[in-house]
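Per chain, numbering begins at 1; letters A, B, ... match sequence-line order. None of these values were measured; they are calculated from a predicted model.
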Amino acid sequence: MSQYDPAAVEAKWQKKWEEAKIFSIDLKKAKNPYYTHVMWPYPSGDKLHVGHWYNFGPADSLARFKRMQGFDVFSPMGFDAFGLPAENYAIKSGIPPAKSTADNVKTMIGQLKRMGCMYDWTHSANSSHPEYYQWTQWLFLQMFAHGLAYKQEGNVNFCPSCQTVLANEQCQDGTCERCDTVVVQKPLAQWYWKITDFVERLLKNLDTLDWPEKTKAMQRNWIGKKEGIDITYLVDGCNERIVCFTTRPDTNFGATFIVLAPEHPFAQKVASGALPSKEKGAVAAYLEATKKKTELERQEEGRKKTGAFTGYEAINNLNGAKMPIWVSDFVLAGFGTGAVVGVPGHDLRDFEFAQEFRIPVIRVVVGPDGDTSFITRPEQVQEEAGTMVNSSFLDSLPIMEAKERIMNFLEEKKYGKRVTTYRLRDWLISRQRYWGALIPIVYDPEGNPHTVPEKHLPWLLPTDVEFKPTGTSPIAGSPELKKRVEKIFGKGWTPECDTMDTFVCSSYYSLMYLAAQNDAKEYRQRPLSSGALVDPKLEEKWMPVDCYIGGAEHACMHLIYARFVGMALKDFGFIQHEEQYQRLIHQGVITNKGAKMSKSKGNVVSPDSFVEKYGSDVFRLYLMFMGPFTEGGDWSDTGIKGVDRFVQRVWRLYSEKLPSGRKLNKKVDQVDAQVTSKLHATVKKVTEDIERLHFNTALSALMELLNVLEKQDVLAPDAARTYATLLAPLAPHLAEEVWEYSGGKGFVIDQDWPGYDASQLVASTITIVVQVNGKVRGEFTASPDITEKEALEFAKAEENVQRHLEGKKIKKEMYIPGRLVSLVVA
RNA sequence: GCCGCUGUGGUGGAAUGGUAGACACGGGGGACUUAAAAUCCCCCGCCCGUUCUUUACGGGCGUGCUGGUUCAAGUCCAGCCAGCGGCACCA
């Protein structure tokens, strides 16, 4: 029999699947819906890389498994086609993004088809198509109509390399998430979406989601909820008040100063002279200096504290103490009230500041070490739990109790008010880039924004522009758009020239897969005239996505935006399920020599040569065999031969040991009892392993079974067909081939997933181990129905066991059925 | 600093509290072959002892470290150490 030829076999089955249209499902008629998809890729000029395969291959295996279990599995694929990667590729190649993106999508579909995944191409989506982005713009209009979209001037993150502003989520360590360039702050008027209105829901719903704990923790962390109190202090000698947010009001008797963020209005007034002060010059100079610093420079300063005294003092409500008011850039304008009350004895940063500017330190908490001395060294700063001292009516209380007492006191006296703060900021959605969905806004001659009426959607992206980024929107240079706006709205009206963050496009794409129409030759999105982005019946039936698979790097970006948009769309009345993704799985990361693969490092592994040599089944099997799916691993090609050997051995088993001709359909299944029990055990194991995404052990179970089957003289046709079905989710092409070869009817992917018989799992003899004082001293074989009494007898009769029992008394003996006998002697 | 995760042979990795190292890779030895490839069979954690010293048996140690619970711990508990990921001058 000839060798297994993956290229020919895989092409054969891909063609058959496509011709039979078995993967396109009727969303309306499906009875047992199961919706799963991966995070859609962005089309660039490159081929699919190992990361794609590692994500898509196992995800497809899970989809196939579910299908065989009787679900109507909907597994679509689409393209995150707007955005920087596509635009940058266009800039580099000089080809307009609309053309290059379309070309790249075409190539990519070809590559995806070569993988052999069961995607339903009749329900695809592409965020750069006008039929898609009209809905992105519609979403903006909905947000605007419900008061969730607003324009505001403020300091924003700007990436000098990408030439656009970025959302908080897209700046990491002060650098751009896409290109690692240091981000600068710029005061600009930008569009925001009010994600902060949904913080509590975003937090609360996390408990209901079947997501990795790690991801939920990251989101909680990112949202950064803190409960504390805003305390208002009067400023001595003027009519001003300063409100400080603190989570530790219990230490307020130890407060010795106040620090303001440079952006704080009080600091600005001192610097401008609106509030008279001897220190005006120093404050103005300090504010000027901090303004010039980049985020990175600030970080490089480390913990060294800088600052300027304002010349004013605030009065502590509790004891009348005067607290000098300082300005320092370690206080952030965007958190709390932008003003901090300094308690240097019990906060390390405050201590460092106090030391730098010789401000007194007061101890108000004694920790478990009992140290009551003056705090003069950073190690002595007591931030942990302890007992109150020097704090009037709080003395001798544990800090948690003191906190409650003082908060009640401050509220009663109207000195303060309990508040909850969050770190999450509103989502900045404006981008000064060309390749995105235009924000559907126009400005009247006075500069007031107005929405573009729905009937003008899609609000087409102009094509008469230089799409290279310059820092202002390239679209501003479009004569066509200017003309269009004046024609529709009147003379002097101007367009908004920014596009939306691509995370807007991807915040609702799972709904767009459902909304795609499959009645045309090429898929189309639902028309705008239908009033809602998705048919409510389909949404109710299919959402939320049962299993969503993609990288963990999206935890605080796409995955938080999509949750927000789901909630908003539900509130607007368009959908039923506010959480779009019930179950989320992150594949691990495949590294190369320990480093993340990236083009700039030049360590990207291309799957192509392996796929060409071994086939797509072998390549994806190998990735799955490397280790648990969620853990990823370091790339090495040394083991791929082992998986190739496995595939070849499977083929040889069928071609050499399967009875041919008529015998194939006769009942010749006098399968050896040992083989039968192994077969049932394998069905059980493979089922359980795929369910928990341990594809690696599912495959090793199939290898073990193969080892057993190879030792038989004949491969029983029933066993052969069962083996083919077990193989189907993991090696879809090979499975079809051996299914057909062993006389199976139709496609193996259309077969029912095999069940197992628990009574068949028990082998005819079992091995029982004997331990004496916890150490293995022997073993014996017995029938599975051995009684406890017999087991103990056999155990004691073992030669080596007897040696260890000699001259000793048995104090305790126990039998763990089917496993071991444990004897304790003294 | 805070949150989350991980730590097992030469390597990737297996192990509902019950024989640690399944399944592979790699290596060693052998068979087949004129030869090679392919294929097939056997062996491979460390140390020690006994034995016909190419065989077999026995003992001790061994899952990052130190303790604890248990007849029994890679697994459970406490305290560390190291690495990875996220957040971070967040009051």
A:Arg777 near the nucleic acid: base, sugar-phosphate alone, or nothing, with a heavy-atom cut-off under 4.0 Å?
->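 Since only primed, P, OP1 and OP2 atoms lie under 4.0 Å of A:Arg777, the category is sugar-phosphate.
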Taking the side chain of [X] as heavy atoms from C-beta outward, which of [options] is closest to it?
X        : options             : result
A:Val340 : B:A91, B:G18, B:A14 : B:A91
A:Met626 : B:A14, B:G12, B:G59 : B:G12
A:His804 : B:A91, B:C71, B:G58 : B:G58
A:Glu704 : B:G18, B:A91, B:A22 : B:A22
A:Lys214 : B:G4, B:C89, B:A91  : B:G4
A:Lys305 : B:C3, B:C89, B:A14  : B:C89
A:Arg423 : B:C89, B:G18, B:C87 : B:C87
A:Asn221 : B:G58, B:C89, B:G86 : B:G86

Do you see a donor-acceptor pair shorter than 3.5 Å between the side chains of A:Thr306 and A:Tyr286?
-> yes
Taking the six-membered ring for Trp, are A:Phe257 and A:Phe353 ring centroids under 6.0 Å apart?
->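 Ring-ring flag for A:Phe257/A:Phe353: true, centres closer than 6.0 Å.
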Whole Å only: how far is the CZ atom of A:Arg819 from the C1' atom of B:A15?
->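 So the CZ-C1' distance, A:Arg819 to B:A15, works out to 10 Å.
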Atom-pair distance (CG on A:Asn773; C1' on B:U70), nearest Å = 13 Å
So does A:Glu813 pair up with A:Lys789, basic N to acidic O under 4.0 Å?
-> no
May I ask you to verify whether the side chain of A:Glu383 and the base of B:G1 hold a donor-acceptor pair under 3.5 Å?
->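 Per atom types, no contact qualifies.
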Could you check if a side-chain atom of A:Trp222 sits within less than 4.5 angstrom of a side-chain atom of A:Arg423, using non-hydrogen atoms only?
-> yes
